[in-house]
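Below is one structure, written out as structure tokens; the observations come after it.
Remember, it's a predicted structure, so these values are computed and weren't measured experimentally.
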Amino acid sequence: MLYANQGVRMGLLTFTRGEAGLTNGVCQPDELGDVREKELKDACHVLGIKDLTLWNYPDGGLKFVEELEILPRIEKFIRNFSPDVVVTYGEDGVTGHPDHIAVGGWVTTAFHRQVRKYPGVAPKRLYHRISPLKRRTLYNRSDLVYRNDYTTIVDGRNFPHARLTAHECHRSQKQATDYTQPKTFEAGLVDYYVRQYPEWRGGPIEADLFGDSHHSDETKLP
């Protein structure tokens, strides 16, 4: 929402339709893929993401997909969309989910291959989304991997209801984090990242994904 209001074009690529998950009582199991696709489109509308690409690989089965097949497809997607910035999962997948870990690894590899092949027109920056160590007690979730090596913090608190409204679109997914709690709600509006490319060499923490601004004191951010 923050970047949509700045006129930034954003694209979201998902690899599965989430059909292997729990329904949370909103549909029959064989309807879940269609329901989750609709939920995702609704959430993208809320957040101002106008370009959604949804592939149909098996939910929970990405570990069986061959790199020789998937990497060229990801590279083609990157070339066609031509982003300045790519954001994906880190090697821990944030939650340790094997699909998330697979996607993060593939996208990271595809990104670096594009940089080598097309140095003049390849994306300029790569970020991994993480959960900061300072939120371990607040979230109290054992499935999250908490890290303290963040390089970039994007503060979206000027759009307080965007994340909550987007979460509410996903009715088939029981939320693991209670964003109705004030401190958790505020924390959910501030995202932490590790900049993978260009290589981070220290310095003040970035305040945006384009590297144009920095935080003078990030310790006060939730």
Determine whether V190 and V154 satisfy the following criterion, side chain to side chain contact (heavy atoms under 4.5 Å, CB included), listing intermediate values before the conclusion.
CA-CA 6 Å; V190 181; V154 178; over 6 Å; no
Verdict with reasoning, R135 to Y192, per side chain to side chain contact (heavy atoms under 4.5 Å, CB included)
CA-CA 11 Å; R135 293 186 185 167; Y192 286 70; 3.2 Å; yes
Begin from the C-alpha positions of R147 and D92 and carry the test salt bridge (charged side-chain N to carboxylate O under 4.0 Å, His left out) through to its verdict.
CA-CA 10 Å; R147 300 170 54 174; D92 51 36; 3.2 Å; yes
I would like to know whether E39 and S172 meet side chain to side chain donor-acceptor pair (under 3.5 Å); could you show each step before the answer?
CA-CA 8 Å; E39 291 173 343; S172 69; 2.8 Å; yes
Walk me through it: do V103 and L62 pass the test side chain to side chain contact (heavy atoms under 4.5 Å, CB included)?
CA-CA 8 Å; V103 167; L62 292 186; 3.6 Å; yes
How far apart are the C-alpha atoms of R36 and E19, what are their side-chain angles, what is the distance that settles it, and do they pass the side chain to side chain contact (heavy atoms under 4.5 Å, CB included) test?
CA-CA 7 Å; R36 290 244 170 124; E19 73 279 359; over 6 Å; no
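Note on I70 and V86: same hydrophobic cluster, where clusters join Ile, Leu, Val, Met, Phe, Trp and Tyr whose side-chain heavy atoms are under 4.5 Å apart, directly or indirectly. Using a 4.5 Å cut-off between side-chain heavy atoms of Ile, Leu, Val, Met, Phe, Trp and Tyr, with links allowed through other members, Y89 and L54 fall into different hydrophobic clusters. Tracing side-chain contacts under 4.5 Å through hydrophobic residues (I, L, V, M, F, W, Y), one reaches Y57 starting from W106; they form part of the same cluster. In the hydrophobic clustering of this structure, V194 does not group with V87; members are Ile, Leu, Val, Met, Phe, Trp, Tyr whose side-chain heavy atoms approach within less than 4.5 Å, directly or through other members. Residue V107 is grouped with residue V94 when hydrophobic side chains (ILVMFWY) are merged at heavy-atom distances under 4.5 angstrom, including chains of intermediate members.
Among H128, R113, Q196, the one residue that satisfies the side chain to side chain donor-acceptor pair (under 3.5 Å) test with T108 is H128. If you run side chain to side chain contact (heavy atoms under 4.5 Å, CB included) between S131 and each of D143, T95, D191, L144, only L144 comes through. Of the candidates R157, K134, K183, P222 forms a side chain to side chain contact (heavy atoms under 4.5 Å, CB included) with just one, namely R157. Y193 pairs with exactly one of L209, I153, L126 by the side chain to side chain contact (heavy atoms under 4.5 Å, CB included) rule, that one being L209.
Minimum interatomic distance between V26 and V35 (heavy atoms only, all atoms of both residues): CG2-CG1, 4.3 Å. Heavy atoms only, all atoms of each residue included: Y197 and V115 are closest at OH-CG1, 3.5 Å. In terms of heavy-atom proximity, L12 sits nearest to C44 at CD2-SG, 3.8 Å. When all heavy atoms are compared, the tightest approach of L138 to A187 is CD2-CB, 3.7 Å. When every heavy atom of G156 is checked against every heavy atom of L2, the shortest pair comes out as CA-CD1, 3.9 Å. Listed here is the closest heavy atom pair of L47 and A162: CD2-O, 3.9 Å.
Note: T165 OG1 to Y179 OH = 13.5 Å, rounded to the nearest 0.5 Å. Separation of atoms CG (N24) and NZ (K174) is listed at 7.5 Å; rounding is to 0.5 Å. D51 contributes atom CG, which lies 4.5 Å from atom CZ of R9 (distance to the nearest 0.5 angstrom). One finds the OG1 atom of T151 at 5.0 Å from the CH2 atom of W200 (value rounded to the nearest 0.5 Å). Atom CG of L32 sits about 9.5 Å away from atom CG of D30, to the nearest 0.5 Å. To the nearest 0.5 Å, the span separating CG on L133 from OH on Y150 amounts to 9.0 Å.
Heavy-atom neighbours of H45 NE2 from other residues, nucleotides or ligands within 6.0 Å: at or below the threshold of 12. With a 6.0 Å radius and a threshold of 12 heavy atoms from other residues, nucleotides or ligands, E69 has its CD atom above the threshold. Remark: N140 CG is loosely packed, at most 12 non-hydrogen atoms of other residues, nucleotides or ligands lying under 6.0 Å away.
In this structure, H215 contributes its side chain and D217 its backbone to no donor-acceptor pair below 3.5 Å. Judged by distance alone, with hydrogens and angles left aside, the side-chain atoms of E31 form a donor-acceptor pair with the main-chain N or O of Q28 at under 3.5 Å.
Side chain to side chain, D208 and S213 meet the donor-acceptor criterion of an N or O pair below 3.5 Å. The closest side-chain donor-acceptor pair between R141 and T177 falls under 3.5 angstrom. For the 3.5 Å distance criterion, the side chains of R195 and T152 fail to qualify, holding no donor opposite an acceptor. For Y127 and R125, the side-chain atoms include at least one donor-acceptor pair closer than 3.5 Å.
Taking a cutoff of 4.0 Å between a charged side-chain nitrogen and a carboxylate oxygen, R17 and D59 do not qualify as a salt bridge. Using a cutoff of 4.0 Å between basic side-chain nitrogens and carboxylate oxygens, D42 and K38 are scored as salt-bridged. Note on R73 versus E75: no salt bridge recorded, every NZ/NE/NH1/NH2 to OD/OE distance being 4.0 Å or above.
Using a 4.5 Å cut-off on side-chain heavy atoms (C-beta onward), F111 and P123 make contact. Counting heavy atoms from C-beta on, the side chains of H112 and Q114 never come closer than 4.5 Å. Counting heavy atoms from C-beta on, the side chains of S82 and V121 never come closer than 4.5 Å. L40 has its side chain within reach of T14: a pair of non-hydrogen atoms, C-beta onward, lies under 4.5 Å apart. Proximity of Q175 to H170: side-chain heavy atoms (C-beta onward) are separated by under 4.5 Å at one or more points. Contact check for C169 versus V46: side-chain heavy atoms found under the 4.5 Å cut-off.
Aromatic ring pairs are classed by plane angle as parallel below 30°, tilted from 30° to 60° and perpendicular above 60°; the pair H161 and F185 is tilted. Classified by interplanar angle (parallel below 30°, tilted 30° to 60°, perpendicular above 60°), the ring pair Y3/F210 is perpendicular. Taking the six-membered ring for Trp and thresholds of 30 and 60 degrees, F81 and F77 have nearly parallel ring planes, at less than 30 degrees apart.
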